[in-house]
Amino acid sequence: MLDLKALREDTAACKQALAKKRVSPESVDRMLTLDEEKRQIQTQLENLQAEHNRRAEAISTATPADRPKMVEESKALKDKFKFLEPTLLKLGNELNELLFTTPNLAHDSVPEGNNEDDNVEISRWGTPPDIKNPQDHVALATRLDILDLDRAAKIAGARFSVLKGYGAKLERALGAFMLDTQTKAGYQEVIPPYLVNPESMFGTGQLPKFEEDLFKVPFGDDKLYLIPTAEVPVTNLYRDEILDETILPLRHCALTPCFRSEAGSAGKDTKGIIRQHQFHKVELVSFCKPDQAEQELERLTGHAEAVLQALELPYRKIVLCGGDMGFSAHKTYDLEVWIPSQNTYREISSCSWFSNFQARRASIRYKGESTGGKTQLVHTLNGSGLAVGRTWVAVIENYQQPDGSITIPKVLQPYLHGLEKITSL
RNA sequence: GGAGAGAUGGCUGAGCGGUCGAAAGCGACGGUCUUGAAAACCGUUAGGGGCGCAAGCUCCUCGGGGGUUCGAAUCCCUCUCUCUCCGCCA
């Protein structure tokens with residue numbers, strides 16, 4: 001969430017950065033007004049409370065004879081400020097409602113724009129393979145009997161898949177390869193819970209605004225949510241903690257299933273397994289000091305790129321425009337892999353810097369020598385390294401042979417006991 | 001699922017209605033001493049918010065929430081979590 005103090009002190013700049021993310025200046029003004037009113041009442045209330053505290057203390061040392069009168073006075077004073085409490089609460093709630101649903105500021109370098117058409121390509125790597133009449137992954141994989149969408153639909157529904165035989169093995173190999181790559185790059189592996197509480201979803205910004213995108217599970221009197229990405233449990237690892245600055249940057253990676261309701265994406269990517277309710281993803285998460293963050297984003301994005309390069313999959317890197325960025329993001333790079341059957345690049349990784357937006361929500365701080373012993377919010381970053389399901393699709397399609405078989409990328413072969421080609425089960 | 005015990009500052013742990021954001025020990029940091037280090041000694045050491053140019057003043061927080069009271073870490077209610085025993089179980 002945003003820093004109200006910064007919003008107060010640097011209103012014009014904040015409005016500008018928020019405009020990129022389609023937040024109106026009126027909405028900012030509304031928050032500032034509420035904030036102003038709230039602080040005024042808070043000061044008023046606290047002054048009366050201070051007086052009340054002084055009287056209570058005086059009673060403790062007063063003579064028994066004086067006490068009854070003093071107690072009466074104290075009671076009367078309390079009546080004078082009790083009514084302010086609900087007012088303060090109401091203003092606070094109203095302010096929070098806005099604050100909690102206002103997106104992060106965009107970084108200066110983020111291009112203006114409303115949607116994906118305004119994203120800016122940064123670079124390309126590799127050359128799309130020359131395949132005549134490329135087949136899509138569904139056709140290829142179904143024929144090889146490594147993918148079964150019909151039975152997936154039967155047992156769960158649309159947007160689910162069943163991988164079989166070498167299809168399942170390939171998925172597992174990809175996950176293991178990615179994890180090995182990232183742990184070698186310095187990310188400590190974690191296996192977090194796949195269900196999390198509402199506080200965690202709030203911490204990373206999924207709640208309260210995007211509840212409809214999540215799978216919710218009733219649990220006793222409360223509820224849990226299936227994680228849409230490992231970003232949620234891994235970032236929340238350090239919620240409500242103060243880290244020693246010497247451990248920063250702190251880098252984790254995790255391979256988890258991800259669950260998304262895909263509400264609102266009806267009709268999009270209905271063919272194949274590009275957009276699923278459940279998929280695997282290796283996530284990279286980093287916590288660092290503010291002055292390390294910009295560089296950390298480049299680094300982390302590079303680690304995601306390294307996987308694509310090792311797999312020799314052609315891709316491009318783009319920077320998202322303000323209008324296409326996620327709610328919590330300060331700056332985002334997307335990596336898009338070449339999908340032959342669609343003759344285009346498709347998102348396979350999204351790497352974001354969240355400035356202190358998530359850290360403020362989740363209360364993740366650090367301190368040390370450089371902060372003079374004071375606590376300060378960390379910056380959080382994360383990125384896919386990579387989405388396993390989409391990588392699976394990319395491998396199947398980019399490595400397809402005229403006879404319908406799939407050759408296995410060299411780096412993956414050790415993970416498949418030396419298998420060089422999938423020809424059938 | 002049944003029975004019991006507990007949750008206090010970085011850690012251990014006291015406090016069980018007033019002067020307690022909180023003893024003591026440990027740890028950490030700063031200083032004295034030392035060629036340097038250790039030891040010893042002295043000091044500092046929770047988080048969040050409001051007002052203020054600042055110095056400073058002040059509010060809230062002793063697992064979370066609510067209540068009783070002039071006053072709560074201390075009393076009551078409730079929730080969560082941890083531990084022990086029994087049962088069940090991947």
Side-chain angles (χ1 to χ4, degrees), chain A residues 1-10 31-96 99-100 191-203 207 217-225 233 236-248 250 257 356-378:
Chain A
M1 92 193 147
L2 297 175
D3 180 10
L4 269 174
K5 223 174 247 172
L7 219 55
R8 273 205 295 272
E9 287 162 9
D10 215 355
M31 284 190 276
L32 289 175
T33 306
L34 284 167
D35 173 52
E36 175 71 38
E37 286 174 32
K38 185 188 148 210
R39 283 183 296 122
Q40 197 203 319
I41 289 186
Q42 185 177 344
T43 303
Q44 204 180 329
L45 173 66
E46 284 180 1
N47 287 340
L48 290 164
Q49 275 173 336
E51 174 62 19
H52 188 254
N53 287 345
R54 273 189 286 272
R55 288 181 187 228
E57 205 177 315
I59 291 173
S60 70
T61 54
T63 64
D66 291 336
R67 285 194 179 197
K69 189 170 162 249
M70 293 171 79
V71 168
E72 281 317 305
E73 284 172 358
S74 197
K75 275 188 194 176
L77 178 63
K78 196 173 181 180
D79 287 337
K80 272 172 70 181
F81 65 78
K82 261 210 318 240
F83 79 97
L84 285 172
E85 286 173 2
T87 312
L88 186 66
L89 199 70
K90 186 172 155 275
L91 282 169
N93 288 341
E94 220 172 307
L95 175 60
N96 284 343
L99 202 54
F100 294 166
I191 301 182
Y194 303 155
L195 287 149
V196 300
N197 56 32
E199 290 80 4
S200 295
M201 285 297 182
F202 177 82
L207 288 182
V217 182
F219 186 59
D221 289 332
D222 40 35
K223 56 194 166 187
L224 294 171
Y225 295 89
N236 278 281
L237 232 32
Y238 303 104
R239 172 151 53 85
D240 295 322
E241 292 193 26
I242 299 171
L243 307 171
D244 188 303
E245 70 171 351
T246 56
I247 67 168
L248 302 176
L250 176 56
N356 60 22
F357 189 85
Q358 292 182 326
R360 184 173 291 105
R361 291 181 152 242
S363 194
I364 307 171
R365 297 94 90 210
Y366 75 98
K367 68 172 162 186
E369 218 172 301
S370 74
T371 65
K374 296 279 175 208
T375 61
Q376 210 160 37
L377 294 169
V378 300

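Values below: every heavy atom of this structure, side chains too, minus hydrogens, waters and symmetry copies. Not measured: the values here are computed from a predicted model. Chain A is the first sequence line, chain B the second, and so forth, proteins listed ahead of strands; every chain is numbered from 1.
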With a cut-off of 3.5 Å and sequence neighbours excluded, list every side-chain donor-acceptor pair involving residues 49-63 of chain A.
residue: A:Glu51; atom: OE2; partner: A:Arg55; partner atom: NE; Å: 2.9
residue: A:Glu51; atom: OE2; partner: A:Arg55; partner atom: NH2; Å: 3.4
residue: A:His52; atom: NE2; partner: A:Ser74; partner atom: OG; Å: 3.4
residue: A:Ser60; atom: OG; partner: A:Glu57; partner atom: O; Å: 2.6
residue: A:Thr61; atom: OG1; partner: A:Ala58; partner atom: O; Å: 3.1
residue: A:Thr63; atom: OG1; partner: A:Asp66; partner atom: N; Å: 3.4
residue: A:Thr63; atom: OG1; partner: A:Asp66; partner atom: OD2; Å: 3.1

Practice item. Would you check if the side chain of A:Asn197 reaches a backbone N or O of A:Leu224 as a donor-acceptor pair within less than 3.5 Å? Key: no
Exercise for review: Scan every strand shown for a Watson-Crick or G-U wobble partner of B:rA39, both distances under 3.5 Å, and answer none if you come up empty.
Suggested key: none
Review point. Within the structure, does a side-chain N or O atom of A:Lys78 lie under 4.0 Å from either OP1 or OP2 of B:rG71?
Key: yes
Practice item. Counting Watson-Crick and G-U wobble pairs only, both distances under 3.5 Å, name the nucleotide matched with B:rG52, or none. Key: none
Exercise for review: Side chain of A:Gln42 only, please: which of B:rG18, B:rG49, B:rA46 is the nearest?
Suggested key: B:rG49
**Study point:** Whole-Å distance separating the CZ atom of A:Arg8 from the C1' atom of B:rC51
**Key:** 11 Å
Review point. So what does A:Thr375 hit on the nucleic acid, given a heavy-atom distance under 4.0 Å: a base, only sugar-phosphate, or nothing?
Key: sugar-phosphate
Check your understanding: Hey, does A:Arg365 reach any base, or is it just sugar-phosphate, or nothing, if we go heavy atoms under 4.0 Å?
Key -> sugar-phosphate
Review point. Is the closest side-chain donor-acceptor distance between A:Glu36 and A:Gln40 under 3.5 Å?
Key: no
Check your understanding: In whole Å, what separates the C1' atom of B:rC57 from that of B:rU78?
Key -> 37 Å
Review point. Are the side chain of A:Arg365 and the backbone of A:Gln376 linked by a donor-acceptor contact shorter than 3.5 Å?
Key: no
Review point. Touch check for A:Lys367, heavy atoms < 4.0 angstrom, all strands: base, sugar-phosphate only, or nothing?
Key: sugar-phosphate
Exercise for review: Whole angstrom is fine here: how far is it from CG in A:Asp244 over to P in B:rC29?
Suggested key: 11 Å
Check your understanding: Looking across every strand, which nucleic acid part, if any, lies under 4.0 Å from A:Ser74 by heavy atom: base, sugar-phosphate, or nothing?
Key -> sugar-phosphate
Check your understanding: With respect to the phosphate group of B:rU58, does any side-chain polar atom (N or O) of A:Asn53 fall under 4.0 Å of OP1 or OP2?
Key -> no
Review point. Base, sugar-phosphate, or nothing: which does A:Glu57 touch, judged by heavy atoms less than 4.0 Å apart?
Key: nothing
Practice item. Verify the neighbour count for atom CD1 of A:Ile247: are there more than 12 heavy atoms of other residues, nucleotides or ligands below 6.0 Å? Key: yes
Check your understanding: Do you see a donor-acceptor pair shorter than 3.5 Å between the side chains of A:Ser363 and A:Arg239?
Key -> no
Practice item. Write down the partner of B:rG1 under the Watson-Crick or G-U wobble criteria, each distance required to be under 3.5 Å. Key: B:rC86
Point to revise | Candidate nucleotides B:rG18, B:rG49, B:rU69, ranked by approach to the side chain of A:Ala56 - the nearest | key: B:rG18
Exercise for review: Decide whether A:Glu245 and A:Ser370 meet the rule of one side-chain donor and one side-chain acceptor closer than 3.5 Å.
Suggested key: yes
Exercise for review: Grab the CD-P distance between A:Glu72 and B:rG71 for me, whole Å please.
Suggested key: 12 Å
Check your understanding: Should B:rU34 form a Watson-Crick or G-U wobble pair with both distances under 3.5 Å, which nucleotide is its partner?
Key -> none
Exercise for review: Could you tell me whether the phosphate oxygens of B:rC51, OP1 or OP2, come under 4.0 Å of any side-chain nitrogen or oxygen in A:Arg39?
Suggested key: yes
Exercise for review: Mind calculating the distance between CD1 (A:Ile41) and P (B:rC59) to the nearest angstrom?
Suggested key: 19 Å
Point to revise | Paired nucleotide for B:rC11 [Watson-Crick or G-U wobble; both distances under 3.5 Å] | key: B:rG25
**Study point:** Atom P, compared across B:rA46 and B:rU82: separation rounded to whole Å
**Key:** 29 Å
Exercise for review: Quickly work out the A:Glu51 CD to B:rC70 P distance and round it to whole Å.
Suggested key: 17 Å
Review point. For B:rC70, what is the paired nucleotide under Watson-Crick or G-U wobble rules, both distances under 3.5 Å?
Key: B:rG18
Point to revise | Atom pair distance, as rounded to whole Å: CG in A:Leu84 and P in B:rU58 | key: 20 Å
Check your understanding: Taking atom P in both B:rC26 and B:rC41, what distance in whole Å separates the two?
Key -> 9 Å
Point to revise | Paired nucleotide for B:rA46 [Watson-Crick or G-U wobble; both distances under 3.5 Å] | key: B:rU61
Point to revise | Nearest-Å distance for atom pair NE2/C1', residues A:His52 and B:rC59 | key: 14 Å
Check your understanding: In whole Å, what separates the P atom of B:rG27 from that of B:rA22?
Key -> 22 Å
Check your understanding: Contact class for A:Ile242 (heavy atom, under 4.0 Å): base, sugar-phosphate, or nothing?
Key -> sugar-phosphate
Practice item. Send over the distance from A:Arg67 CZ to B:rU69 C1', rounded to a whole Å. Key: 13 Å
